[in-house]
Amino acid sequence: MKVKVGVNGYGTIGKRVAYAVTKQDDMELTGVTKTKPDFEAYRAMELGIPVYAASEEFLPRFEKAGFDVAGTLRDLLNEVDVIVDATPGGMGAKNKALYEKAGVKAIFQGGEKATTAEVSFVAQANYEKALGKDYVRVVSCNTTGLTRTLSAIQEYIDYVYAVMIRRAADPNDAKRGPVNAITPSVAVPSHHGPDVQTVIPINIETSAFVVPTTLMHVHSVMVELKKPVEAEDVVDIFENTTRVLLFEKENGFDSTAQLIEFARDLHREWNNLYEIAVWKESVSVRNGRLFYIQAVHQESDVVPENIDAIRAMFEMAEKWESIKKTNESLGVLK
Ligand SMILES: NC(=O)C1=CN([C@@H]2O[C@H](COP(=O)(O)OP(=O)(O)OC[C@H]3O[C@@H](n4cnc5c(N)ncnc54)[C@H](O)[C@@H]3O)[C@@H](O)[C@H]2O)C=CC1
Ligand SMILES: O=C(OP(=O)(O)O)[C@H](O)COP(=O)(O)O
């Protein structure tokens with residue numbers, strides 16, 4: 001039997017998760033919600049994806065445009081086993097009552113507080129914690145990126161300090177900025193450190209800045225080591241860590257621009273780079289401290305996590321079986 005999946009909020013994350021669901025042989029995409037009949041709604045219809053109005057109040061918009069919706073969110077909830085909530089941050093917590101009432105499991109995204117769900121999730125770090133759960137939060141793109149690499153070297157960590165250089169907006173977002181400034185998050189720690197701690201128990205502090213780019217986030221990570229390790233060993237560990245790839249400046253990867261070009265060259269859908277990109281030359285150890293720099297494709301790194309979360313919630317596969325299945329279905333390189 002295939003798990004029936006609905007996606008509430010067909011935006012940056014929602015459309016990618018919906019696509020990923022269609023690539024799984026143990027899941028089916030029942031439908032997605034839209035608030036208005038814009039080009040994304042028409043594209044979903046072209047792809048044969050049933051489109052539901054996100055609530056009754058939006059129905060007149062669809063009626064006016066002559067767009068035939070399959071129903072409303074309430075109808076979608078009657079059809080599905082699990083709903084992936086990919087609505088704007090903070091809205092998922094409000095939607096939770098609807099999901100509870102309908103008796104469907106729900107996955108929330110990183111814009112929600114940890115308390116919205118029973119477990120905060122990064123597949124390779126804590127898949128087992130989500131087994132059989134009804135409410136799971138896939139942590140934010142940045143938190144996912146930090147957790148993927150830090151969980152791989154967890155035994156060496158005494159304390160982590162990370163600086164998060166965040167993209168200002170996603171490529172399709174013409175409203176957000178800054179356009180010509182660097183905006184610090186003046187509250188330290190930024191939410192990322194505490195968020196990592198909702199998945200793995202490590203000492204970590206983070207600070208964060210927003211800069212005028214849309215492509216990717218970049219993290220400068222510094223680790224006080226608990227026990228000695230060589231840079232080459234850390235490179236080996238990352239080379240053997242799923243959903244983490246090493247890139248060399250030597251090979252032309254000077255910036256996030258070439259990383260995105262790499263994803264384009266792979267003909268990845270939406271130039272998704274599901275893997276966390278670590279610059280190999282940046283991995284270094286000095287005076288008991290490990291340094292490395294990594295980049296995160298904010299639009300896509302959490303997509304495999306949503307798929308694995310579904311399998312864990314329905315106890316459909318054990319951890320590595322699910323990760324392998326998801327990786328193969330999306331063309332994740334390792
Ligand atoms: N964009 C990113 O870089 C990442 C976002 N996230 C998280 O994923 C969640 C979704 O973010 P994005 O996809 O970026 O947002 P988005 O703004 O691209 O998409 C949200 C979608 O929800 C729709 N929507 C608005 N009100 C709605 C309602 N009442 N009911 C149903 N749908 C409604 C919007 O029209 C839009 O299509 C947030 O929690 C965010 O923090 C997580 C990782 C990365
Ligand atoms: O939620 C996200 O996008 P957002 O900035 O559109 O809310 C990304 O996951 C980045 O957010 P973060 O820097 O809070 O981890």
Side-chain angles (χ1 to χ4, degrees), residues 7-9 11-14 16-17 82-101 104-152 154 157 159-164 166 185-208 210 217 219 221 243 276 294 296 298-315 319 322-323:
V7 174
N8 187 24
T12 307
I13 302 300
R16 287 170 174 80
V17 173
V82 59
I83 189 89
V84 176
D85 186 296
T87 57
M91 205 174 271
K94 293 181 191 135
N95 291 335
K96 190 176 175 186
L98 286 175
Y99 307 151
E100 283 172 328
K101 199 168 162 214
V104 301
K105 293 182 186 249
I107 295 178
F108 299 97
Q109 308 304 316
E112 307 302 324
K113 293 200 173 94
T115 49
T116 308
E118 297 162 278
V119 57
S120 289
F121 183 82
V122 175
Q124 63 211 79
N126 71 343
Y127 184 93
E128 292 84 358
K129 288 262 167 65
L131 286 170
K133 292 286 190 290
D134 290 331
Y135 303 107
V136 170
R137 178 181 75 131
V138 169
V139 293
S140 83
C141 50
N142 280 311
T143 309
T144 298
L146 283 175
T147 306
R148 284 206 191 136
T149 51
L150 292 172
S151 61
Q154 196 171 338
I157 295 175
Y159 226 110
V160 178
Y161 307 92
V163 180
M164 325 293 295
R166 299 153 87 191
S185 292
V186 290
V188 177
S190 64
H191 77 81
H192 308 93
D195 251 358
V196 168
Q197 289 169 326
T198 65
V199 188
I200 49 171
I202 57 169
N203 298 315
I204 177 168
E205 306 293 351
T206 51
S207 61
V210 176
H217 303 293
H219 305 159
V221 185
R243 298 176 184 169
I276 305 308
Q294 64 180 26
V296 168
Q298 76 280 357
E299 297 173 286
S300 68
D301 71 324
V302 298
V303 172
E305 310 304 327
N306 275 271
I307 299 299
D308 290 327
I310 293 171
R311 284 208 190 88
M313 292 162 84
F314 289 90
E315 300 182 77
K319 173 176 171 173
S322 178
I323 289 175

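The first residue in the sequence is number 1, and the count goes up from there. Computed over heavy atoms, backbone and side chain alike; hydrogens, waters and symmetry mates excluded.
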(request) Hey, could you give me the CD/CZ distance between Glu118 and Arg137, rounded to the nearest 0.5 Å? (result) 13.5 Å

(request) Compare all side-chain heavy atoms of Val160 with those of Val221 and state whether any distance is below 4.5 angstrom. (result) yes

(request) State, to 0.1 Å, how close Val199 and Ala125 come at their nearest heavy-atom pair, and which atoms those are. (result) CG1-CB, 3.9 Å

(message) Determine whether a donor-acceptor pair (N or O, by modelled atom type, separation under 3.5 Å) exists between the side chain of Gln197 and the backbone of Ile202.
(response) yes

(message) Quick check: closest heavy atoms across Ile310 and Val84, and the distance to 0.1 Å?
(response) CD1-CG2, 4.2 Å

(request) Answer yes or no: is there a side-chain heavy-atom contact under 4.5 Å between Ser185 and Arg166? (result) yes

(request) Quick one: do Gln294 and Leu146 satisfy side chain to side chain contact (heavy atoms under 4.5 Å, CB included)? Show the steps, please. (result) CA-CA 9 Å; Gln294 64 180 26; Leu146 283 175; 4.2 Å; yes

(message) Does any part of the side chain of Met164, heavy atoms only, come nearer than 4.5 Å to the side chain of His191, both counted from C-beta?
(response) no

(message) I'd like to check Glu205 versus Val188 (side-chain heavy atoms, cut-off strictly below 4.5 Å). Are they in contact?
(response) no

(request) Say whether, by atom type as modelled, one donor and one acceptor occur between the side chain of Asn8 and the main chain of Thr87 under 3.5 angstrom. (result) no

(message) Within the structure provided, determine whether Thr149 and His219 are in side-chain contact (heavy-atom separation under 4.5 Å).
(response) no

(message) Is it true that, when you exclude Lys133 itself, more than 12 heavy atoms of the residues, nucleotides or ligands shown sit nearer than 6.0 Å to its NZ?
(response) yes

(request) Could you grab the distance from atom OG1 of Thr144 to atom CG of Asp195, nearest 0.5 Å is fine? (result) 9.0 Å

(request) Identify the heavy atoms of Gly145 and Asp301 that sit nearest to each other, and give their distance. (result) N-OD2, 3.8 Å

(message) Can you confirm whether Lys113 is buried at NZ, in the sense that more than 12 heavy atoms of other residues, nucleotides or ligands lie under 6.0 Å from that atom?
(response) no

(request) Examine distances only and state if a side-chain atom of Glu305 and a backbone atom of Val138 form a donor-acceptor pair shorter than 3.5 Å. (result) no

(message) For Ile307, is there any backbone N or O sitting under 3.5 Å from a side-chain donor or acceptor partner on Arg311?
(response) no

(request) Compare all side-chain heavy atoms of Asn203 with those of Ile157 and state whether any distance is below 4.5 angstrom. (result) no

(request) Please report the closest heavy-atom contact between Lys105 and Gly132, naming both atoms and the distance. (result) NZ-O, 3.4 Å

(message) Side chains of Cys141 and Glu299, heavy atoms from C-beta outward: is any pair under 4.5 Å?
(response) no

(message) Please report the interatomic distance CG(Asn142) to CD(Gln298), rounded to the nearest 0.5 Å.
(response) 8.5 Å

(request) Return the minimal non-hydrogen interatomic distance between Thr116 and Ala93, and the atom names on each side. (result) CG2-CA, 3.8 Å

(message) With heavy-atom distances below 4.5 Å as the criterion, would you say the side chains of His192 and His217 are in contact?
(response) no

(request) Identify the heavy atoms of Val139 and Ser120 that sit nearest to each other, and give their distance. (result) CG1-CB, 3.7 Å

(message) To the closest 0.5 Å, what do you measure between CD1 (Ile204) and CG (Leu150)?
(response) 5.5 Å

(request) Report the distance from atom CG of Leu131 to atom NZ of Lys319, rounding to the nearest 0.5 Å. (result) 10.5 Å

(request) Could you tell me the separation between the CZ atom of Phe121 and the OG1 atom of Thr147, rounded to the nearest 0.5 Å? (result) 11.5 Å

(request) Using atom types as modelled and distance alone, determine if a side-chain donor or acceptor of Thr206 lies under 3.5 Å from a backbone N or O of Gly193. (result) yes

